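Note that the coordinates shown come from a computational prediction; the quantities given were computed from them, not determined experimentally. Below, chains carry the letters A, B, ... as their sequence lines are ordered, and counting in each starts from 1.
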Amino acid sequence: MTPNKSTAFRATLKQELPAWLQEGLVSDDTAQRLAARYELNKLSQESSGLLAAVIFTIGGLLLGGGALSFVAANWEEIPTFAKVVLMILTLLAFHGVGYWLWHHKNWSRLGHALVFTGSLVFGANIGLMAQIFHVSGAWYGGFGAWALGTLVMAYAARSWITGLLALVNSVIWVLGISHDHHSFWISILPLLLAAVYLPLAWQLRSRLLYAATFAGFTIALCSLAEQQYSSAKFILMTLVISGFLAWATGEFHRVKNIRPEFGNLLAGLGIVTLGVIAYIWSFHEWWRVDSWLNRATAERPTLQWLLPTGITALIGLALIVMMLQEIQALPTRRLLAIGITLASGILVVCALLGAIHRGDQMLLTLAVNLAALIIAAVALAIGVMDERRAAFWTGTVFIVVLILSRFLEYETSLLLKSAAFMICGVTMIAAGIGFEEHLRHKEAQL
Amino acid sequence: MNQRTLIFVAAVVVQLAILAGIPAKKIYTRTTGQEVVLKVVPVDPYDILKGYYVTLGYEISRPSDLLDASKLETGAVIYAVVEKQDDGLWTPVAIEQTLPQDLPTNRAALRGTWNGLRFTYGIEEFSIPESKREVIADDLNKNLNEARVDVKVDANGNAALLRLKIQDRIYE
């Protein structure tokens, strides 16, 4: 079992350990072993190091923001050649000094921040170059160039924050180019995005960059569906499939114990995505055939985006198959897998049927509500079975919100609405009390 | 120099190469091209990455009797042939669908693209210094008929903006 290395837990342990030692609750040897296991001696370094990192990063962002504002102000008085030389020297200075401090002077956080700032300056320089020489073109071209240069630097410098900057620029570029171009190669851009940034996140062991890549992939895929077909149902479908993949990947990390720390964030992101989508789409307005939400507005609709979407779905299902043995071994894992896969499947089928205007509108609405209830019920059940507060309360609150939304959505008498609110409130309180009593009873037995 | 440093230096070189690549075509056109003067018509947006710029239009931007644009697909490439007049302005005389060869010195061909509404030549965005934004916008509004741009056009029809002139005032 992986030790709990959260800062809060370690800080509390460091605070309590002397008292335990004094009261004879733990021996000297046990205390030392605990201190070593949880690296308590590194706590103060980490917190001051973290503070320094935050300060230096904010400073870097301010410097970079200043450089970008400088571009917007336009630098007129200096001759063109001198401007270009100064721009290049500024870029070299940030990268050079940053690298030197990072790897030769042991000022790693400041050095890293300066290298990151160098990539911000690179972006400013792109704008300046275009400005000086009156280079015109598609607005997203600049972001594409910025993304490319920053990505190369992220790999070279092994910088997660530079990678994050590159990812943001890449997503903006994909959004722009998918609006103007609908060729086959544009359709594979979201997959290319993932193929480029996931290895970087993996190499750098960055959970944030890993999860951000999934988020960026989702945005790019939805943008494709929107630009190439513009049916709200197809956008729903891509969102659900992306959320399912994020959850499946997160589960895979946890179940196979391959960097499980990556899994928690990703699985959470996936379930939240599915839950939010299911809730939004539980409203009947989305499913009326004559609804304004059903207009497909793309000039020349094409289904090329189905290729990356299909590949995403297949990868998600393949991950589930690869985890089958582990999933079947644990009841909560099994429940979660069945629930999430079923809910995702219902949402995808509803989206497809809704897009081609098949199926009764009311039936589709009910099916989506069922999918939302399944997600809520799974969270609630896992909370009870695993005694996890977060899952229990997420499930409970989600069920209550769903019920109340339906009461508010449809025309019902005030009396009925009032009764619904009160019943939900009483049930929530009773369930919460029951759950907390159960947990307290369990803790007392231990 | 160790491997890590070498890789970092290579990344910096890539960034410099990208920076050099952005104006490369314009620098080539400015260095080798023929200078022409075009009459302008403006519009005014804001681009966060480039600062302020004015979108300029020209006589050669609008579809005309010279070519039936309704038959063109979006993205179609054309070459607007302009001829020098006695007043120094270069005005459109023909629109071709292939690069004209052996043009006389008083004629030049600008490579353009049809975007469905107008022809664009890569010379539509003129960057404005923030300190002069109000001045230039005001000057353009008041003296639209007298606004001109100096442009360089190379042998392949690529064009590069040099300067905006309104009466005797020059903006670069």
R148(B), CZ: over 12 other non-hydrogen atoms inside 6.0 angstrom: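 Atom CZ in R148(B) is crowded, with more than 12 foreign heavy atoms closer than 6.0 Å.
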
Does K25(B) have more than 12 heavy atoms from other residues, nucleotides or ligands lying within 6.0 Å of its NZ?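 Not more than 12 within 6.0 Å, no.
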
For the atom pair [atom1] ([X]) and [atom2] ([Y]), what is the distance rounded to the nearest 0.5 Å?
| X | Y | atom1 | atom2 | value |
| --- | --- | --- | --- | --- |
| L151(A) | Q15(B) | CG | CD | 10.5 Å |
| F126(B) | Q131(A) | CZ | CD | 10.5 Å |
| F8(B) | W100(A) | CZ | CH2 | 14.0 Å |

With a 4.5 angstrom heavy-atom cut-off, is it the side chain or the backbone of [X] that approaches chain A, or both, or neither?
| X | result |
| --- | --- |
| I123(B) | backbone |
| T5(B) | both |
| N115(B) | neither |

Under the criterion side-chain contact (heavy atoms from CB on, under 4.5 Å), I'd like the reasoning laid out for R30(B) against F133(A): C-alpha separation, chi angles, the key distance, then a yes or no. CA-CA 10 Å; R30(B) 282 184 174 204; F133(A) 295 98; 4.2 Å; yes

Is there a side-chain contact (heavy atoms from CB on, under 4.5 Å) between V152(A) and I18(B)? Walk through the geometry before answering. CA-CA 11 Å; V152(A) 169; I18(B) 291 170; over 6 Å; no

H134(A) side-chain N/O to S127(B) backbone N/O, donor-acceptor pair under 3.5 Å: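 It does hold such a pair.
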
Taking S136(A) for its side chain and G122(B) for its backbone only, find out whether a donor-acceptor pair lies under 3.5 Å.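 Yes, S136(A) side chain to G122(B) backbone: donor-acceptor pair under 3.5 Å.
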
For chain A, find which of L19(B), L161(B), I27(B) contributes the most heavy-atom pairs closer than 4.5 angstrom.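 Of L19(B), L161(B), I27(B), L19(B) has the most heavy-atom pairs under 4.5 Å with chain A.
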
Beyond-backbone contact of L16(B) with L92(A), side-chain heavy atoms, under 4.5 angstrom: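 Yes, side chains in contact.
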
Would you mind reporting whether R4(B) and Y99(A) have side-chain heavy atoms less than 4.5 Å apart?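 When only atoms from C-beta onward are counted, R4(B) and Y99(A) do touch, with a gap below 4.5 Å.
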
Stepwise, does the side-chain contact (heavy atoms from CB on, under 4.5 Å) test hold for M153(A) with V12(B)? CA-CA 7 Å; M153(A) 182 53 75; V12(B) 175; 3.7 Å; yes

V115(A) versus chain B, heavy atoms under 4.5 Å apart: side chain, backbone, both or neither?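 For V115(A), side-chain heavy atoms alone lie under 4.5 Å from chain B.
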
With R169(B) via salt bridge (charged side-chain N to carboxylate O under 4.0 Å, His left out) - residues at least two apart: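 Here the qualifying residues are D139(B).
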
Got a list of side-chain donor-acceptor pairs under 3.5 Å for residues 81-88 of chain B, not counting sequence neighbours?
| unit_1 | atom_1 | unit_2 | atom_2 | d |
| --- | --- | --- | --- | --- |
| E83(B) | OE2 | R107(B) | NE | 2.8 |
| E83(B) | OE2 | R107(B) | NH2 | 2.9 |
| Q85(B) | NE2 | E83(B) | O | 3.0 |
| Q85(B) | NE2 | T91(B) | OG1 | 2.8 |
| D87(B) | OD1 | L89(B) | N | 3.0 |

